[in-house]
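Protein chains get the first letters and strands the later ones, always in sequence-line order, with residue 1 at the start of each. From a predicted model like this one, the values you see are computed outputs, not experimental measurements. Computed from heavy atoms alone, side chains included, the values below leave out hydrogens, waters and symmetry copies.
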Amino acid sequence: MPFKRPAPLPSQSESQSSSSANLLSGSSKRPRLSPPPGKALPNVKLFIVQAKLNTSAISELFGLAEQHAKRLCNKPEDADVIVTAIGMRRRLERHIPWELAKHKAVVTPQWLRDSVKNGSSLPYDNYIAIQDLQDTIVQNCPECNCKPCACSPSSTSSYASSSLRHSQESLASATSATSPPTAIPAYLLPPSPPLETDITKLDYTSRYACQRASPLVCPNQALVHELDIIRQSRALEGEVRSALSYARAVSALKAYPHKITSMKQVEKLPYIGTKITGLVEEFIDGGHINEAETIRSSVRFQALSLFSSIYGIGPTTAQRLYDLGLRSLDELEVYYGVDSKTQTSIDSGIVEVEKESKRRHAKDEGDEGLGDTWIKIALGLREDLAIKIPRDEVEEMGRVVMRELDQLEHGCVSTIVGGYRRGKPESSDVDMVFTHPDASKIKGLCKRVVQRLHEGGMVSHVMHLSGFHAHNPLRTTHWDSLEKSLTVFILPPSSTFYRGTRRRLDLIFSPPELYWTAVVGWSGSIMFQRDLRQWAKDKHGMKFDSSGITRRYDSKVFFPKTEKEVFDLFELEWIDPTLRNADA
DNA sequence: TGGCAATACTG
DNA sequence: CAGTAT
DNA sequence: GCCA
């Protein structure tokens, strides 16, 4: 596209999932077996650090790994051998925790090439990538010259470890491409040395969440939880404005970097007015907030929360149901007439939702025709959808989707956004933003992938589908060309992560010029997002919505070429996604 | 006292 | 338009 | 419920 990167900087990123590794790993249901004979490294689990490699080297190495190694890992902790072109410790540490690296064989790309040529694993000695590691590695596996040295620990503990380290980068971006073989333009890949957030330039007293660093967990988390209860209650009761105020107070507190022990500290914080100041004070001396406790234990609050946890039921419907005297899910099911049999049949079948309720018989509906088929289905899904998704599984879902997508259109790029990208150890759903270097390949892709996933038994429900909105007809290339689909997804049984749990999966397809705008837009958190838009409007007279950034007075459209350019455009300091957790 | 993000879809 | 969802 |  426009700018070309000076150097051959490619991508990196751990969660650099997919790539060809999984592309070959068999199509979901087909019982793939028989690892091709003649592998040079049949027992080696490899991880490739992409940083400092150009795209052709990446595809070469991925190709070799995929063909000759036992496995090409997505996470360094799963691997025995780490291949990297990086030579300095400091730099490597940006991609792999030092503690982890010390327990692995960290070697140069040449090791892989030579080993393959040699037909079997060569000693690491001559290929040590980092000088500081020389001793460790050698002593780490004294005798295994050729054997892949399963002696290094780790590899099993992948799970927990990756969830716990929400330390900036490393888990930052989960961008992946379906390529290697085809080069992907650099501007669609995440920056090679991940950007660092300069906390000192941020200001926790700012009125805008997009100027504050908000970690996943803050020093005043307990207080935040209390206030968030009140916020939820306000929202459920339909007091949206009040709820907004609590949400803002919460996000201001999330960015305050010290434990609050005196009211003096609070004075400088925005959005803490008379009412909330009182609540904070109460919390400081009592360790809790009375109103929050009351709400928590209130039957009404519990019922309303429960009801609105069902997809399609919001505050209003929840209240109505409550007023009807309903209190539990069982009662809801009775109310909506869920034959516990109907439910299971709906559950296992690959049902198509969307515009189902055709049969709106002019028959009886007296009380209200609200509920209906749709809510029934949502009720059946609730149990599964209430279960959080661990990062590992989020990544697996990403790989599976990319694998299918690649078969429809090679060369796509994607980023897993949402809470996952902000570093949450568990997500309630998975959001993915996709694009393709060739804008013309995007249109209709969303629908096609969803259909393919559906046919493959991976998408059971489509809550809604939106396609091309040729708003500005006139020759318009891009613009409102964002497609999205909200689905219910289930991993194929062939996946090692398969647990039969249905998950919410949102897919967003964006033309390449709008990719980074979309990624920013979908990375959240909600308050961060709102304030970003607010800031854009207040300070720059720009409109920032799901389909792009435009200047209000002349409607000029902007196409940031990187995520950081979005921040630059708005004159904001860069904030890593893991510091955009402005919600409770 | 007005404004609080901004849209898309369904009924 | 109200309600829900992103 | 808070702010300009």
Side-chain angles (χ1 to χ4, degrees), chain A residues 205-210 227 230-231 233-252 266 269-280 291 307-321 353-358 360 365 368-375 378 385 417-419 428-433 462-469 471 479-480 482-487 504-508 517-518 520-538 542-550 552 582-583:
Chain A
T205 69
S206 168
R207 311 241 163 350
Y208 296 87
C210 52
L227 290 175
I230 305 182
R231 196 221 88 224
S233 171
R234 296 290 187 272
L236 289 169
E237 299 294 351
E239 298 164 45
V240 281
R241 304 310 172 187
S242 180
L244 178 57
S245 282
Y246 282 95
R248 291 197 151 130
V250 161
S251 80
V266 174
L269 301 185
Y271 303 110
I272 312 286
T274 18
K275 175 73 183 289
I276 297 182
T277 295
L279 298 175
V280 173
E291 186 176 355
F307 295 168
S308 60
S309 74
I310 287 134
Y311 192 92
I313 296 184
T316 306
T317 309
Q319 284 186 57
R320 242 198 39 239
L321 297 170
V353 183
E354 217 191 332
K355 52 206 44 198
E356 66 319 299
S357 56
K358 289 307 177 194
R360 203 66 284 223
E365 64 290 285
E368 69 279 336
L370 213 159
D372 78 81
T373 345
W374 206 72
I375 302 288
L385 300 190
V417 289
S428 48
D429 65 9
V430 176
D431 309 290
M432 295 181 74
V433 174
V462 181
M463 329 298 271
H464 141 274
L465 243 173
S466 111
F468 28 92
H469 288 241
H471 257 190
W479 203 211
D480 216 301
L482 230 75
E483 295 186 73
K484 84 175 165 186
S485 187
L486 318 181
T487 73
R504 281 278 291 103
L505 169 70
D506 294 347
L507 306 96
I508 297 94
T517 302
V520 172
W522 284 81
S523 289
S525 61
I526 291 173
M527 273 313 300
F528 190 92
Q529 195 53 34
R530 284 181 158 194
D531 281 353
L532 191 54
R533 293 174 178 212
Q534 192 69 51
W535 172 273
K537 184 205 265 191
D538 293 350
M542 308 262 245
K543 184 160 77 92
F544 184 175
D545 63 40
S546 52
S547 48
I549 298 170
T550 52
R552 307 196 95 137
D583 295 340

Could you give me the CA-CA distance, side-chain angles and deciding distance for A/Phe307 and A/Gln319, then say whether side chain to side chain contact (heavy atoms under 4.5 Å, CB included) is met? CA-CA 9 Å; A/Phe307 295 168; A/Gln319 284 186 57; over 6 Å; no

Check every strand shown and say whether A/Arg248 touches a base, only sugar-phosphate, or nothing at a heavy-atom separation below 4.0 Å. base

Output field: ring centroids A/Tyr311/A/Trp374 closer than 6.0 Å: yes

Can you tell me how far P of B/dC9 sits from CD of A/Glu483, to the nearest Å? 11 Å

First contact, last contact: which nucleotides of DNA chain D are these for chain A, 5' to 3', heavy-atom distance under 4.0 Å? D/dG1 to D/dA4

In chain order, what residues pass the side chain to side chain contact (heavy atoms under 4.5 Å, CB included) check against A/Leu385, with sequence neighbours excluded? A/Leu381, A/Arg504

Rounded to whole angstrom, note down the C1' distance from C/dA5 over to B/dA5. 14 Å

Answer with base, sugar-phosphate or nothing: what part of the nucleic acid does A/Ile310 contact at a heavy-atom distance below 4.0 Å? sugar-phosphate

Is A/Lys543 close enough to B/dT7 that one of its side-chain N or O atoms is under 4.0 Å from OP1 or OP2 there? yes

Among residues 527-534 of chain A, which contact DNA chain D at a heavy-atom distance under 4.0 Å? none

For A/Arg234 and B/dC4, give me the distance from atom CZ to atom C1', rounded to whole Å. 17 Å

When rounded to whole Å, the OH to P distance for the pair A/Tyr208 and B/dA5 reads 11 Å

Pick base, sugar-phosphate or nothing for A/Arg504, based on heavy-atom distances below 4.0 Å to the nucleic acid. sugar-phosphate

Report yes if the side chains of A/Arg207 and A/Gln534 come closer than 4.5 Å at any heavy-atom pair, otherwise no. no

Give me the first and last nucleotide of DNA chain C, going 5' to 3', that has any atom under 4.0 Å from a heavy atom of chain A. C/dG3 to C/dT6

Could you give the distance separating D/dG1 and B/dA8 at their P atoms, to the nearest angstrom? 32 Å

Heavy atoms, side chains only, cut-off 4.5 Å: are A/Asp429 and A/Leu486 in contact? no

Could you walk me through whether A/Ile276 and A/Tyr271 pass the side chain to side chain contact (heavy atoms under 4.5 Å, CB included) test, one step at a time? CA-CA 8 Å; A/Ile276 297 182; A/Tyr271 303 110; over 6 Å; no

Sorted by chain and number, sequence neighbours left out, side chain to side chain contact (heavy atoms under 4.5 Å, CB included) with A/Thr205 holds for A/Asp203, A/Lys268

Applying side chain to side chain contact (heavy atoms under 4.5 Å, CB included), run through A/Ser485 and A/Val462 and close with a yes or a no. CA-CA 7 Å; A/Ser485 187; A/Val462 181; 3.7 Å; yes

For A/Arg533 and A/Met542, what are the C-alpha separation, side-chain angles and deciding distance, and is it a side chain to side chain contact (heavy atoms under 4.5 Å, CB included)? CA-CA 8 Å; A/Arg533 293 174 178 212; A/Met542 308 262 245; over 6 Å; no

Residues which pass side chain to side chain contact (heavy atoms under 4.5 Å, CB included) with A/Ser242, listed by chain and number, not counting sequence neighbours: A/Arg234, A/Glu239, A/Tyr246

With sugar-phosphate meaning primed atoms plus P, OP1 and OP2, does A/Ile276 contact a base, only sugar-phosphate, or nothing at under 4.0 Å between heavy atoms? sugar-phosphate

Roughly, in whole Å, what's the span from CZ in A/Arg552 to P in B/dA5? 13 Å

How long is the gap from CG on A/Leu505 to OG1 on A/Thr487, to the nearest 0.5 Å? 4.0 Å

Looking at every strand, decide which applies to A/Thr274 at a 4.0 Å heavy-atom threshold: base, sugar-phosphate, or nothing. sugar-phosphate

Measure the shortest side-chain to side-chain distance between A/Trp522 and A/Lys484 over non-hydrogen atoms and say whether it is less than 4.5 angstrom. yes

Atom CD1 of A/Ile549 to atom C1' of B/dA5: distance rounded to whole Å? 14 Å

Can you tell me how far P of B/dG11 sits from CD1 of A/Ile375, to the nearest Å? 11 Å

What is the distance, rounded to the nearest whole Å, between atom CH2 of A/Trp522 and atom C1' of B/dA8? 10 Å

A/His464 NE2 to B/dA8 P: how many Å, rounded? 9 Å

